[in-house]
**Q** 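What follows is a single structure, and I will ask about it in a moment.
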2 protein chains.
Amino acid sequence: MAAKKQLRDPEETKRRIMAAAKVEFAKSGLGGARVDVIAARAKSNKRMMYHYFGNKETLFRLVLEDAYADFREAEKALELDTEEPIAALGKLVSFNWSYFLENPEFITLVNSENLHKAKHIKSSKRMQEMSRNFVGRMQALLDRGAAANLFHKNLDAVQMQISVAAIAYHYLTNRYTGSIVFERDLMSAKALKERLAFNIETVRRIVCTPETLRKLETE
Amino acid sequence: MAAKKQLRDPEETKRRIMAAAKVEFAKSGLGGARVDVIAARAKSNKRMMYHYFGNKETLFRLVLEDAYADFREAEKALELDTEEPIAALGKLVSFNWSYFLENPEFITLVNSENLHKAKHIKSSKRMQEMSRNFVGRMQALLDRGAAANLFHKNLDAVQMQISVAAIAYHYLTNRYTGSIVFERDLMSAKALKERLAFNIETVRRIVCTPETLRKLETE
DNA sequence: ATCATAAATAACTATTTAGTTATATCAAGA
DNA sequence: TCTTGATATAACTAAATAGTTATTTATGAT
């Protein structure tokens, strides 16, 4: 256990700055974020930010990498390979939904990075390492389902991964304009519950063969 | 026909400012956009922008509303109701894909507005008017498909609309981080072609009954 | 205890930025 | 043709902003 009330604690200061930066970058994007706001929120000061991180963009990169790392860690903890394929898939869809819902800053950080054409993580070794085996788990799941004659064969794991994320991410990232365009509150408890159910059913229909779907219907 | 080489042409000046603003807002987001850049790009000057639009945020709102209007106009031109339901659905999926691909500024403008929780269009009368009958076309298509015993009954038109957009929009808006995470160029001609095919097939599987899908397979 | 180093703070600076003021110029109607 | 109002430009300003310099203070090693 680390000492708690040290007057000087570089690790803790760094941690506080990162946490504050995450909030500010998520709220305002990289361009709109203010280093003064980050420093104040961290109950530190600008000079410390520059001392530990060099500049605003490096800080952004580290915050973003951390956000990806957290997401990957959470996903790894799912243990899909012991479960029955259809149930495992539902679990994966639910996980994506809940994660984006509970960690809205992940969405805005990723959006911000894409606005900048991913220049901050483009040559990030850490990002590359994290991405390894990411698609592998989806591929394994699809293979298991196909072997059990439940899923279509030759499903593309990358396309599936993108689609599973898409139907959750898109709904949630565009929740504000969506609520106006569709003239309904997309974030009401009822709407959220319905969307999750819809998404689980959607992914099932994508991967399962017509025969499997028929069986599921008549159960 | 309007005179072309007038030294003073308020309508043309406004148009140039709007066009320049669209480029700048799309490239840098609302927070990152610079009014000086907009003025210079429009070959006008800042004072004109303030004269005609009042401030940066109003200009942003007008640019965004125009972008939505263009999208809705293009969609309206599709004439889905004369076509066979499954073909019409494919046409709608293709339209969404092509539109987002050919008008990337639509995506970044919408993303930017969502970062700001849709505050600029929240009470926009024009947006509300545009949204009318938007879901109606999808509903009509789903009804036709259901009546022909091709589609599931009781499909939610809003969920479908969101999903059809999602599988195109998400792929394209996150093209940069996606290309890193999945270690493949998501924007190569081959990748784009494959994604569109995947999306058409995906939506078919969502709406069609297992029986319809079986028939399509064996054709 | 003392000293060297790292951690922390505050005050500062050079630029950038949204928005304004002051001024000039065109074009249409009297 | 003269006047008036709208169109256009340039120069300006006050506030904000990323990044720095100067200075102080705590802490761990000796």
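In what follows, chains are A, B, ... by sequence order, proteins preceding strands, each numbered from 1.
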**Q** Rounded to whole angstroms, how far apart are CD on A:Glu11 and P on C:dA7?
**A**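 These atoms are roughly 9 Å apart.
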**Q** So does B:Lys27 have more than 12 non-hydrogen atoms from other groups sitting under 6.0 Å from NZ?
**A**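 Result for NZ/B:Lys27: open.
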**Q** Between atom CG in A:Asn55 and atom P in D:dT17, what is the gap in whole Å?
**A**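 Taking CG of A:Asn55 and P of D:dT17, I get 18 Å after rounding.
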**Q** Hey, is CG on B:Asn133 packed in by over 12 heavy atoms from elsewhere, all under 6.0 Å?
**A**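 Check fails, neighbour count at 12 or below.
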**Q** Can you label the angle between the A:Phe71 ring and the A:Phe106 ring as parallel, tilted or perpendicular, going by 30° and 60°?
**A**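 Judged by the thresholds at 30° and 60°, the geometry between A:Phe71 and A:Phe106 is tilted.
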**Q** Looking only at heavy atoms, what is the nearest atom pair of B:Ala166 and A:Ile167, with distance?
**A**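 So the minimum-distance heavy-atom pair works out to CB-CA, 4.2 Å.
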**Q** To the nearest Å, how far apart are A:Asp36 CG and D:dA16 C1'?
**A**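 In whole Å, D:dA16 C1' and A:Asp36 CG are 9 Å from each other.
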**Q** What's the CE-P distance between B:Met49 and C:dT20, to the nearest Å?
**A**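 It works out to 10 Å between those atoms.
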**Q** To check you understand the geometry: which heavy-atom pair defines the closest contact between B:Glu105 and B:Ala26, and what is its length?
**A**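 Taking B:Glu105 first and B:Ala26 second, the nearest heavy atoms are CB-CB, 3.3 Å.
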**Q** Do A:Phe151 and A:Ile86 come within less than 4.5 Å of each other through their side chains, counting heavy atoms only?
**A**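 Heavy-atom side-chain distance check passes, below 4.5 Å.
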**Q** Reckon A:Tyr50 has a side-chain N or O less than 4.0 Å from the OP1 or OP2 of D:dT21?
**A**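 Answer no for this pair, as no side-chain N or O of A:Tyr50 is under 4.0 Å from OP1 or OP2.
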**Q** Inspect the contact between A:Lys125 and A:Glu129 and indicate whether a charged nitrogen and a carboxylate oxygen are less than 4.0 angstrom apart.
**A**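 No, this pair does not count.
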**Q** Classify the side chain of B:Arg8 versus the base of C:dT25 as yes if they form a donor-acceptor pair under 3.5 Å and no if they do not.
**A**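 Result: at least one qualifying N/O pair found.
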**Q** Identify whether any heavy atom of B:Phe53 sits under 4.0 Å from a base atom; if not, whether one sits that close to sugar-phosphate; answer base, sugar-phosphate or nothing.
**A**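 Since no nucleic acid heavy atom lies under 4.0 Å of B:Phe53, the category is nothing.
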**Q** Between the side chains of B:Arg195 and A:Ser163, is a donor N or O closer than 3.5 angstrom to an acceptor N or O?
**A**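 There is such a pair (donor and acceptor under 3.5 Å, judged by atom type) between the side chains of B:Arg195 and A:Ser163.
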**Q** Could I get a table of every N or O pair under 3.5 Å where one atom is in the protein and the other is in nucleotides 9-12 of chain D?
**A**
{"from": "D:dT9", "atom 1": "OP2", "to": "B:Asn45", "atom 2": "ND2", "distance (Å)": "3.1"}

**Q** Tell me the interatomic distance from A:Tyr52, atom OH, to C:dA8, atom C1', rounded to whole angstroms.
**A**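 Spelled out: OH on A:Tyr52 to C1' on C:dA8 is 8 Å.
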**Q** For D:dA8, take OP1 and OP2 only and decide whether either is under 4.0 Å from a side-chain N or O of B:His51.
**A**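 Negative; the distance criterion is not met.
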**Q** Could you tell me how far apart A:Glu12 (CD) and C:dA7 (C1') are, to the nearest whole angstrom?
**A**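 Value for this atom pair: 14 Å.
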**Q** Looking only at side-chain atoms of B:Lys56, point me to the closest of C:dA7, C:dA18, D:dT7.
**A**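 Between C:dA7, C:dA18, D:dT7, the one nearest the side chain of B:Lys56 would be C:dA18.
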**Q** Name the orientation class of the two ring planes belonging to B:His120 and B:His116 (parallel below 30°, tilted from 30 to 60°, perpendicular beyond 60°).
**A**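 Correct class here is perpendicular.
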**Q** Does D:dT7 have OP1 or OP2 sitting under 4.0 Å from an N or O in the side chain of B:Thr13?
**A**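 No, outside the criterion.
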**Q** How would you label the contact of B:Ala39 with the nucleic acid (heavy atoms, under 4.0 Å): base, sugar-phosphate, or nothing?
**A**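 No contact at all - B:Ala39 keeps every heavy atom at 4.0 Å or more from the nucleic acid.
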**Q** Would you call A:Glu183 and B:Arg132 a salt bridge, taking side-chain N to carboxylate O under 4.0 Å as the test?
**A**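 Between B:Arg132 and A:Glu183 there is a salt bridge, with a charged N closer than 4.0 Å to a carboxylate O.
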**Q** Residues from residues 111-119 of chain B sitting under 4.0 Å of DNA chain C, heavy atoms only?
**A**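 Heavy-atom contacts with DNA chain C come from no residue of residues 111-119 of chain B; none.
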**Q** How long is the line joining CD1 of A:Ile17 and C1' of C:dA7, in whole Å?
**A**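 After rounding, the reported distance stands at 11 Å.
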**Q** Using a cut-off of strictly less than 4.0 Å, decide whether A:Arg34 has a side-chain nitrogen or oxygen near OP1 or OP2 of D:dA16.
**A**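 No, no such contact exists.
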